[in-house]
Amino acid sequence: MSASYSFRNVTKVTTHVLQEMKSKGEKIAMLTAYDFSFAKILESTGIDIILVGDSASNVMAGYTSTLPITLNEMIYHASSVVRAVKRALVVVDLPFGTYQGNSKEALNSAIRIMKESGADAVKMEGGKEIIESVDRILSAGIPVMGHLGLTPQSIHKFGTYVVRATNESEAAKLVEDAHLLEKAGCFAIVLEKIPAKLGGQVARELKIPLIGIGAGAEVDGQVLVLHDMLGITMEFSPRFLRRYHNLSEEIKGAVDSYINDIKSLNFPNEREQY
Ligand code: KIV
């Protein structure tokens with residue numbers, strides 16, 4: 001085993017393990033999953049963190065944004081994932097509308113996720129604006145992952161998915177928010193679609209791990225949406241996305257063969273019947 005894989009044998013990835021990975025310079029690998037079967041495959045690979053992202057709203061339910069997905073739907077996805085996972089840390093997105101306005105409601109939402117799904121932590125988008133909710137959830141002993149930069153739950157405020165924090169004042173606010181989340185006690189922060197230089201700066205300034213998605217190579221780990229990196233969803237092609245496979249073409253090929261076999265009386269054959 002190479003030195004850069006020294007945490008592969010830990011039986012459970014915890015927030016402490018992630019902290020140690022950062023201190024030892026081992027990069028953290030994170031992917032999304034929303035169901036039992038994919039989570040089981042991911043778990044068998046040695047992935048460090050599985051995020052039950054509210055991107056389920058897009059890739060599982062077909063909505064055009066992450067806003068419509070509900071707390072009950074997130075709990076359904078999360079509990080399906082948790083049933084498949086032993087080693088990876090399972091983090092679940094608090095969906096839009098369940099934490100922004102009211103810290104008591106935020107705590108209730110986080111408690112429901114932890115109790116009903118068995119996940120290890122929650123993730124929340126935003127900095128200063130949501131710090132009261134972050135504090136309250138943390139004070140109940142629930143680990144919180146922050147999310148700064150492009151925050152898809154605020155898409156209607158920004159109106160576009162372009163790179164964030166490209167000017168000085170936005171970059172300064174992001175750095176300030178990152179420090180605020182670390183001080184509050186978040187165990188890690190996702191940085192989405194920001195300049196690589198800024199990603200590196202924040203990762204160096206903070207002690208907790210910074211996980212990037214379009215935040216360059218100098219952060220402490222990377223996350224992608226599973227369906228995007230496997231080539232199941234093909235309509236979304238941001239620069240940061242590396243496609244490792246073209247699964248939609250493979251699936252289409254398999255289904256075409258199945259249809260042809262049925263139509264040509266080739267399936268089922270003698271051995272495939274009773
Ligand atoms: O919901 C999600 O999949 C996410 C990732 C893009 C980080 O938040």
Side-chain angles (χ1 to χ4, degrees), residues 18 27-35 38-39 42 47-71 73-78 80-81 88-100 109-110 113 117 119-127 130 134 144-155 158 161-165 174 177-178 181 186-194 199 202-203 208-216 219-230 232-233 235-243:
L18 296 175
K27 298 282 186 186
I28 296 163
M30 169 166 157
L31 278 171
T32 64
Y34 318 101
D35 68 292
F38 269 119
L42 291 194
I47 194 85
D48 300 308
I49 306 176
I50 296 179
L51 171 66
V52 184
D54 58 359
S55 48
S57 183
N58 308 94
V59 297
M60 300 303 284
Y63 291 114
T64 54
S65 80
T66 59
L67 275 68
I69 199 157
T70 65
L71 187 58
E73 287 165 341
M74 287 303 294
I75 290 169
Y76 166 78
H77 287 298
S80 308
V81 167
L89 185 89
V90 179
V91 181
V92 183
D93 264 330
L94 277 177
F96 175 69
T98 66
Y99 64 95
Q100 286 92 346
S109 306
I113 286 183
S117 76
D120 301 308
V122 297
K123 176 164 84 59
M124 302 163 70
E125 294 182 7
I130 60 150
V134 170
V144 175
M145 175 181 268
H147 184 154
L148 298 171
L150 195 159
T151 47
Q153 291 180 11
S154 316
I155 186 59
F158 296 100
Y161 287 98
V162 294
V163 183
R164 296 295 199 264
L174 186 139
D177 280 342
L181 292 172
C186 287
F187 71 88
I189 301 172
V190 165
L191 292 178
E192 182 164 354
K193 217 169 176 185
I194 61 165
V202 179
I208 59 172
L210 278 296
I211 317 282
I213 172 163
V219 287
D220 307 302
Q222 299 292 331
V223 54
L224 285 175
V225 168
L226 182 68
H227 290 57
D228 296 337
M229 63 85 80
L230 289 180
I232 298 174
T233 45
E235 38 305 305
F236 179 65
S237 284
R239 190 206 288 209
F240 65 73
L241 172 62
R242 186 179 295 182
R243 266 191 231 292

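Just so it is clear, the model here is predicted, and its values are computed rather than measured. Remember, it's 1-based here, ligands and their atoms both numbered in the order they're listed.
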- Quick check, are the ring centers of His227 and Phe236 under 6.0 angstrom apart? no

- Heavy atoms from other residues, nucleotides or ligands near OH of Tyr76 exceed 12 (cutoff 6.0 Å): no

- Message: Testing the 3.5 Å rule here: is there a donor-acceptor pair between the side chains of Thr151 and Arg164?
- Response: no

- Counting heavy atoms only, which of Gly212, Ser55, Gly53, Ala33 comes nearest to atom 3 (O) of ligand 1? Ser55

Numbering the atoms of ligand 1 from 1, which are under 4.0 Å from a heavy atom of [X]?
X	answer
Lys123	4 (C), 8 (O)
His147	8 (O)
Asp54	1 (O)
Val225	3 (O)
Asp93	1 (O), 2 (C), 8 (O)

- Heavy-atom gap Met30 to ligand 1 smaller than 4.0 Å: no

- Taking Gln153 for the side chain and Gly126 for the main chain, is one N or O donor matched with an acceptor at less than 3.5 Å? no

- Task: Do me a favour and list the nearest non-hydrogen protein atom to atom 6 (C) of ligand 1 with residue, atom name and distance?
- Result: Ile213 CD1, 3.7 Å

- Query: Given the rule in the side chain to side chain contact (heavy atoms under 4.5 Å, CB included) test, do Val91 and Met30 qualify, once you have shown the distances and angles that lead to the verdict?
  - Reply: CA-CA 10 Å; Val91 181; Met30 169 166 157; 5.6 Å; no

- Query: So among Leu181, Ile208, Val144, Leu18, which one has a side chain to side chain contact (heavy atoms under 4.5 Å, CB included) with Phe187?
  - Reply: Leu18

- side chain to side chain contact (heavy atoms under 4.5 Å, CB included) between Asp48 and Leu89: does it pass, once the steps are laid out? CA-CA 6 Å; Asp48 300 308; Leu89 185 89; over 6 Å; no

- What part of Leu51, side chain, backbone, both or neither, has a heavy atom within less than 4.0 angstrom of ligand 1? side chain

- Query: Heavy atom under 4.0 Å from ligand 1: found in Thr32's side chain, backbone, both, or neither?
  - Reply: side chain

